[in-house]
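Below is one structure, written out as structure tokens; comments come after it.
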Amino acid sequence: MAVCEDYAAAGAAPYYPRSRDQLAATAKGLELLPPGLGPIARWRPDHPEVEPPQDQLFQWGLVARKP
């Protein structure tokens with residue numbers, strides 16, 4: 001993806017987009033911890049009432065650890 005390459009070339013940390021399923025596959029054998037696997041736009045424990053617009057729910061993240 002050209003946008004990701006431009007972003008990294010500008011000196012930022014590399015960004016590697018993955019689908020939800022691709023990200024979930026990286027957690028095989030790990031124990032999911034809250035907030036688990038989900039859109040990172042919803043990871044706002046200080047503002048749980050804020051619901052991001054649907055068009056901003058495209059970045060996935062997960063929190064896990066070795067059991």
Side-chain angles (χ1 to χ4, degrees):
M1 299 184 100
V3 172
C4 295
E5 292 169 7
D6 291 345
Y7 184 75
Y15 184 79
Y16 302 102
R18 305 279 189 261
S19 70
R20 183 186 190 283
D21 291 340
Q22 288 173 321
L23 189 57
T26 67
K28 284 190 178 186
L30 300 177
E31 175 186 356
L32 288 180
L33 302 172
L37 172 62
I40 60 173
R42 291 188 175 153
W43 290 9
R44 297 191 53 122
D46 51 338
H47 297 288
E49 71 284 354
V50 175
E51 179 65 22
Q54 285 298 111
D55 64 345
Q56 293 181 17
L57 298 178
F58 60 90
Q59 293 178 314
W60 296 95
L62 71 85
V63 177
R65 69 175 177 193
K66 283 183 161 182

I need the minimum non-hydrogen distance between [X] and [Y], along with the two atoms involved.
{"X": "R18", "Y": "W60", "result": "O-CD1, 4.1 Å"}
{"X": "L32", "Y": "A64", "result": "CD2-CB, 4.0 Å"}
{"X": "P67", "Y": "G29", "result": "CD-O, 3.3 Å"}
{"X": "A24", "Y": "L37", "result": "CB-CD2, 3.6 Å"}

Transitively linked via ILVMFWY side-chain contacts under 4.5 Å: I40 with L33? yes

Less than 4.5 Å apart, any side-chain heavy atom of L62 and any of L30? no

